[in-house]
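First the structure, in the form of structure tokens, and then the observations on it.
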Amino acid sequence: MGSASFRAVGEVERGDDGEQLALHTPRSAPRRRARLAGDDPTSDDLPVALVQVDTGLAHLDRPFEYTVPMSMTVTAQPGVRVKVRFAGQDLDGFVLERRADAEHLGRLSPLRKVVSPEPVLTPEVLAAARTVADRYAGSLGDVLRLAVPPRHATAEKALAVEPPERADLVDREPVAWSPYAAGPAFLSRVADGGEPAASLLALPAPGERDWPVLLAEAARAAVEGGRGAVLVVPDHRDVGRVEAALAEVLGPGRHTRLTADQGPQARYTAYLKVLRGHAQVVVGTRAAAFAPVADLGLVAWWDDGDDLLEEPRAPYPHVREVLLARAAQEGAAVLSAGYGRSVAVADLVERTVLAPVEPARAQVRVAVPSVRVAGEGHDPDRDPAVAAAHLPTVAWRTAKEALVHGPVLVQVPRRGYLPSLSCQDCRRPARCTACAGPLSLPGPHGPPACRWCGRVEVAFSCPACGGHRLRSSVVGARRTAEELGRAFPGVPVERSGAGTVLEVVGTGPRLVVSTPGAEPVAPEGYAAALLLDAWALLDRPTLLAGEESLRRWSAAAALVRPASQGGRVVLAGAPTDVSVPAVEALVRWDPAWFAERELTERRELSLPPTARLATLTGPRAALEAAVAELALPASAAVLGPLPHGGAERWRTIVTVARSDGPALTRELAALRARASARKDPEPVTVRVDPPDPTT
């Protein structure tokens, strides 16, 4: 882009062909009838189109005015995709509005092409995208790329324009919500067209009261009220489980699946099904958060703390914020559900944005397995095979007894063989001499190698004590599976993790070794679960260590049968005095207490969600110059710059009071726009409210 792109209001900007690229900026001058560049006749019916052009540049992230040729009068409607001429290039864009008059006083360029007459960008999705962009100091163009999938012409032609007739809903009582005192009232308000907002702490309840049924019954309440629903879950396995529940609760033809991994045609078809009214309910991963459901009555998401609900692309929005924005704008009910409660959701509960919906303690005691904590102390009487498997005696005995009654789940914090090594003599972590990355053992044979650069370490020497022997700091899933096979001869051992994730396991005796998040479902519940190397999760140098540990443990423990049916969970490798809050919360099965405790600590430290925080990352000189440009609110506190991920990367953290959050994000958005306009060679990355500012 030329420098004319940044001129003040009223100045003329011209492309390579001399045509004006009209910037839409509010102005006090009276509007005038647009003049078309060239001889093509312009439309007499609202001849000006306001277009959001996908420039990919922060300083040009605003709508531009174009004229509508007569041939496009009918098709160039708000929400459709178009091609426009911008600075000598044909770029994509969305028509946002049609107008009778232009704000620009000179000539306007015409639309080049209507890519499709399908109005894929609805006013509701556009409003939500704007809110999300403002919330995260991002650009509207970036959010629209997340919200609207790329066009697929074949899908557009293959799907019927008019939705098919639907059968009536079958009679069915909402059985899954009966253990929750406020549950029936929540469903009743949703069905009556209300806007209740709730944080549900779900009970472990395999079968007809499992959490997918909870979401499906909430969606049914919205459908009964003549409205639609958006349900967002972390991954495709969760989508499959909720889809099965929706088919049972709603019957066929009322829902569709929308995920980013469907492929271009399938994803666009699902989007069109929602847009054209073929489906009232959408279930999917974070790609479904912007689904254009008509008459939206409910937005719901499962497991708020799962990092899969956070978009890894700019401006990095969380599903929670997207759905809250949509609910506020469209008058929909809100449901955040999970076995636990993230600190962010706990903050919403404290501020009465969400009302807590929880089971009585008596219901909890009936539904959950018993939890026992086992340390890693030395036990000379253990069988050598059991010791090699890194199992405390109580864990081995629990597994042996439980295998008589069904499968046993073994959760291992890390995938691989020996993913972390340390010095045998002084226990200092073993590091690569080339890049300081962690050393690991990829398999049972061969030397250790660096997990970062891949360099093989043939002659390890500890820089602290001079030792040459290595020991495992954490045992991976592959090695654990091998050792368990020796500790329990004759028992089948199955693995679920990266590369091979199992959906379901059989009901017979078997050991299922899984990494967190990859645990398969046992139809009748696991007889027991062993949560190994608990300290490996708790000791991570991250703000979220305790919260994430409890979330992962709870997700695994929820797959185990209740204590009344013999279900047991052993947490191995954690402090045996239950002094760690996350451990205590698991033993008591009290995630609300833990979230409230964490929230109090965050408030004392002025950390999100009680304050607004932003991280700026880049080369030190560029970072310092960027921070110096910021006009920060009086409540701002600046930490840094600090080294981050190498000598060439630095990070500064800025926190402000929550009330000053909008002012901070506006300033950060302006900073990005100025850097884009200057074409800074070393841009600074901006993130607002990252889950963990230290990572």
Side-chain angles (χ1 to χ4, degrees), residues 166-180 183-184 186-187 190-191 198 200-225 227-259 262 270 273-274 278-289 291 293 296-304 306 308-309 319 323 332-339 357 359 367 501-505 517 519-525 555 558-559:
R166 301 188 185 92
D168 293 336
L169 289 169
V170 296
D171 292 335
R172 189 182 187 279
E173 293 296 322
V175 295
W177 285 79
S178 56
Y180 309 92
F186 175 81
L187 296 184
V190 174
L200 172 68
L201 286 181
L203 285 173
E208 63 179 6
R209 293 183 177 177
D210 204 357
W211 69 264
V213 185
L214 286 168
L215 296 188
E217 289 182 348
R220 180 189 170 105
V223 172
E224 287 175 340
R227 300 189 294 173
V230 172
L231 313 177
V232 182
V233 294
D235 62 33
H236 71 281
R237 295 187 307 145
D238 297 327
V239 172
R241 296 181 65 189
V242 176
E243 271 202 293
L246 287 170
E248 179 69 23
V249 173
L250 297 178
R254 290 186 178 270
H255 80 275
T256 191
R257 166 193 193 114
L258 179 57
T259 64
Q262 286 177 292
K273 282 184 177 180
V274 182
H278 289 237
Q280 293 172 283
V281 178
V282 179
V283 57
T285 52
R286 59 178 181 267
V293 174
L296 187 62
L298 172 73
V299 296
W301 66 98
W302 173 258
D303 198 5
D304 185 85
D306 196 311
L308 292 176
L309 295 182
V319 162
L323 295 183
V334 177
L335 176 62
S336 174
Y339 292 127
V357 176
V501 178
L502 304 178
E503 302 278 346
V504 181
V505 296
E519 299 91 350
V521 175
E524 298 178 4
L559 301 175

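The model shown is predicted, which means the values in this text are computed figures rather than measured ones. The analysis underlying the following values was restricted to heavy atoms, covering all of them including side chains, and did not include hydrogens, waters or symmetry mates.
In terms of the salt bridge (charged side-chain N to carboxylate O under 4.0 Å, His left out) criterion, Glu524 has no residue partners (sequence neighbours excluded).
Between Arg241 and Val521 there is a side-chain heavy-atom pair separated by less than 4.5 Å. A 4.5 Å side-chain heavy-atom check between Leu201 and Val357 finds every atom pair outside the cut-off. Counting only heavy atoms from C-beta outward, the side chains of Trp302 and Leu309 never approach each other to under 4.5 Å.
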Steps toward side chain to side chain contact (heavy atoms under 4.5 Å, CB included) verdict (Val334, Leu323): CA-CA 8 Å; Val334 177; Leu323 295 183; over 6 Å; no

Check against side chain to side chain contact (heavy atoms under 4.5 Å, CB included), Trp177 and Val213: CA-CA 9 Å; Trp177 285 79; Val213 185; over 6 Å; no

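Between the Arg172 side chain and the Glu217 main chain, no donor and acceptor come within less than 3.5 Å of each other. The closest donor-acceptor contact from the side chain of Glu224 to the backbone of Ala222 lies at 3.5 Å or more, if one exists at all. Between the side chain of Tyr180 and the backbone N or O of Leu203 there is at least one donor-acceptor pair closer than 3.5 Å. Of the possible polar contacts, one joining the Gln262 side chain to the Thr259 backbone as a donor-acceptor pair under 3.5 Å is found. The backbone N or O of Ala332 lies less than 3.5 Å from no partner atom in the side chain of Arg227, so there is not a single donor-acceptor pair.
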Exercise answer: donor-acceptor pairs, residues 249-258 side-chain atoms, under 3.5 Å, sequence neighbours excluded:
from: Arg254; atom 1: NH1; to: Gln280; atom 2: OE1; distance (Å): 2.6
from: Arg254; atom 1: NH2; to: Ala167; atom 2: O; distance (Å): 2.6
from: His255; atom 1: NE2; to: Glu243; atom 2: OE2; distance (Å): 3.4
from: Arg257; atom 1: NH1; to: Glu243; atom 2: OE1; distance (Å): 2.7

Please tabulate, one pair per line, all N/O donor-acceptor pairs under 3.5 Å involving side-chain atoms of residues 282-289, not counting sequence neighbours.
from: Arg286; atom 1: NE; to: Glu311; atom 2: OE1; distance (Å): 3.1
from: Arg286; atom 1: NH1; to: Leu308; atom 2: O; distance (Å): 2.8

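Across every non-hydrogen atom of Leu215 and Ala300, the tightest pair is CD2-CB, 4.3 Å.
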